[in-house]
Amino acid sequence: MIKVTVPATSANLGVGYDCLGLALDLRATFQFQSASKLTIAGCPEQFQNENNLVYRAFQAGCEALGEPVPSLAIKIDSPIPVSRGLGSSATCIVAGLAAAGEWFQTQFTQNELVQLATDFEGHPDNVTPVIYGGLCAGVQTDEGISVLTYPVADDLDFLAIVPDFTVSTDEARALLPKSVSYATATHQISHSLLLVRALMTGNLFDLRLALDDRLHEPYRKQLIANYDVVAEACDYFENSLYISGSGSTLIAITDDTPTRGMLRQRLMKELPDWNIFPVAVDTAGVQVEHG
Ligand SMILES: Nc1ncnc2c1ncn2[C@@H]1O[C@H](COP(=O)(O)OP(=O)(O)O)[C@@H](O)[C@H]1O
Ligand SMILES: N[C@@H](CCOP(=O)(O)O)C(=O)O
């Protein structure tokens with residue numbers, strides 16, 4: 001039996017659209033065993049068939065290795081909500097690919113996994129932190145994807161604010177304009193540099209200045225009912241806020257744990273059907289065990 005565990009991710013971190021991603025300590029487990037026919041358990045019924053993303057990624061891994069696809073029983077145990085901007089699709093893709101490598105005892109290198117997983121996901125920002133853990137930038141170059149990893153300041157506290165509704169990544173991408181001005185591009189590049197430094201140093205003042213996205217959040221806020229309620233509460237408690245991935249989850253950041261608790265209490269009262277909980281940075285990335 002092969003067991004793969006992977007972290008949830010929070011992509012973009014506001015101004016790092018399609019490039020930055022952070023691994024979170026909400027881990028999913030995927031088990032792979034030989035079986036007489038394909039069975040998939042532990043996910044919504046609509047995914048329990050051969051179009052399942054984990055299975056398709058496993059098939060792609062076999063293809064990359066030039067090996068036949070075995071008949072499989074896949075068991076999924078994931079606390080990561082689907083289509084909430086916490087990277088559930090990236091976890092499925094990386095788990096399937098990593099399991100295929102382990103199955104044929106030819107583990108992919110981290111960089112090979114990044115290339116294969118990005119081909120599936122279409123952008124590297126979710127898959128790189130699933131693979132490496134921590135804060136990552138995936139830079140698409142003519143030679144493939146370069147991954148940069150950064151340490152995150154220990155004293156930063158993250159709060160996941162998960163709505164009771166989904167946002168489809170495809171729809172949230174379709175909303176975005178096809179081009180932006182030089183002024184917007186310059187704003188974005190400079191702010192993403194400031195963001196990375198602020199996350200490394202834990203400087204909250206810089207973090208607040210940096211989280212001023214102009215590429216996607218202005219268009220996607222409208223998909224998130226009660227965004228303004230959350231933004232107002234974050235302002236009150238001086239927490240920074242960004243849309244995780246394409247939403248619907250929002251992430252608040254502070255360096256003061258009691259303030260995070262107060263923000264959580266207030267939001268739980270105002271948005272009782274949402275799931276609001278502290279998260280920490282995961283630094284382990286994908287882990288594979290062969291039992
Ligand atoms: N356990 C699962 N099994 C199969 N497919 C899954 C599973 N979890 C998520 N997915 C796939 O990932 C899609 C959600 O991905 P996406 O819209 O990018 O949002 P996110 O990755 O933020 O959760 C689902 O529609 C489904 O295709
Ligand atoms: N860069 C992508 C990230 C999507 O992340 P997800 O977790 O919402 O799938 C985007 O912003 O579209």
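Both ligands and their constituent atoms are indexed starting at 1 by order of listing.
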I'd like to know if R84 contacts ligand 2, where contact means a heavy-atom distance under 4.0 Å to any ligand atom.
no
Within the side chain of T141, is there an N or O that forms a donor-acceptor pair under 3.5 Å with the backbone of G144?
yes
Of all the non-hydrogen atoms in the protein, which one sits nearest to atom 11 (C) of ligand 1, and at what distance?
L53 CD2, 3.7 Å
Ranked by distance from atom 27 (O) of ligand 1, the top protein heavy atom is F47 CE2, 3.9 Å
Can an N or O of S246 be found at a distance shorter than 3.5 Å from an N or O of ligand 2?
yes
Aromatic ring pairing F58/F32, orientation class (parallel under 30°, perpendicular over 60°, tilted between)
parallel
When you measure from atom 14 (C) of ligand 1 to every protein heavy atom, which one gives the shortest distance, and what is it?
S83 OG, 3.5 Å
Quick one: does S78's side chain have a donor or acceptor within less than 3.5 Å of a partner on I76's backbone?
no
May I ask you to check whether T169 and S246 show a side-chain donor-acceptor distance below 3.5 Å?
yes
N/O donor-acceptor pair under 3.5 Å between R260 side chain and D255 backbone
no
Atom 12 (O) of ligand 2 has as its nearest protein heavy atom R173 NH1, 2.6 Å
Under the salt bridge (Lys or Arg N to Asp or Glu O under 4.0 Å) rule, what pairs show up with a residue in residues 27-54, not counting sequence neighbours?
R27-D282
Determine, using heavy atoms of H216 and all atoms of ligand 2, whether some pair is separated by less than 4.0 Å.
no
Donor-acceptor pair, Q188 side chain versus V15 backbone, under 3.5 Å?
yes
Quick one: does G245 get a heavy atom under 4.0 Å from ligand 1?
no
In this structure, does ligand 2 have an atom that sits under 4.0 Å from one of the heavy atoms of G87?
yes
State plainly whether the residues D18 and R173 are in salt-bridge range, i.e. N to O under 4.0 Å.
yes
Atom 9 (C) of ligand 1: the protein heavy-atom neighbour that sits closest, reported with distance to 0.1 Å:
S88 OG, 3.2 Å
For ligand 1, which is the ligand I care about here, please tell me if N52 has any N or O atom under 3.5 Å from one of the ligand's N or O atoms.
yes
With heavy-atom distances below 4.0 Å as the criterion, list the atoms of ligand 2 near D18.
1 (N), 2 (C), 10 (C)
Would you mind listing which atoms of ligand 1 come within a distance below 4.0 Å of any non-hydrogen atom of L86?
22 (O)
Side-chain donor/acceptor of T118 to backbone N/O of Q115, under 3.5 Å:
no
Just to confirm my output: which protein heavy-atom neighbour is closest to atom 4 (C) of ligand 2, and how far is it?
N126 ND2, 3.6 Å
Is the shortest N/O to N/O distance between G85 and ligand 1 below 3.5 Å?
yes
Which residue and heavy atom of the protein sit nearest atom 7 (C) of ligand 1, plus the separation:
C92 SG, 3.4 Å
Between R220 and N12, is any pair of side-chain heavy atoms under 4.5 Å apart?
yes
Could you tell me whether a side-chain N or O of S71 sits under 3.5 Å from a main-chain N or O of A35, the two making a donor and an acceptor?
yes
Does ligand 1 have any atom sitting under 4.0 Å from a heavy atom of S78?
no
Side chain, backbone, both or neither: R220 near ligand 2, heavy atoms under 4.0 Å
side chain
I want to know if ligand 1 touches S168 in the polar sense, i.e. an N/O pair below 3.5 angstrom.
no
Is it the case that the side chain of R84 and the backbone of S248 share a donor-acceptor pair, with hydrogens and angles ignored and the cut-off at 3.5 Å?
no
For atom 9 (O) of ligand 2, grab the closest protein heavy atom and report residue, atom and distance to one decimal in Å.
T169 OG1, 2.9 Å
For I76, the atoms of ligand 1 under 4.0 Å from one of its heavy atoms are 1 (N)
Among non-hydrogen protein atoms, atom 1 (N) of ligand 1 lies closest to C43 CB, 3.4 Å
Which segment of T169 sits under 4.0 Å of ligand 1 when only heavy atoms are counted
both
Which of the numbered atoms in ligand 2 are under 4.0 angstrom from any heavy atom belonging to Y17?
10 (C), 11 (O)
Atoms of ligand 2 less than 4.0 Å from D125 heavy atoms?
1 (N), 2 (C), 3 (C)
Identify the two heavy atoms, one from P81 and one from S88, that lie closest to each other, and give their separation to 0.1 Å.
O-CB, 4.0 Å
Donor-acceptor contact present, side-chain E217 to main-chain I243, <3.5 Å
yes
Which of the atoms of ligand 2 are close to L86, meaning less than 4.0 Å from one of its heavy atoms?
7 (O)
For Y182, does its backbone N or O pair with a side-chain atom of H187 as donor and acceptor, under 3.5 Å?
no
With heavy atoms under 4.0 Å as the rule, classify the contact between S89 and ligand 1 as side chain, backbone, both or neither.
both
How does D170 reach ligand 1, by side chain, by backbone, by both or by neither, if only non-hydrogen atoms under 4.0 Å count?
neither
Looking only at heavy atoms, which two atoms of F104 and P70 are closest? And how far apart?
CZ-CD, 4.2 Å
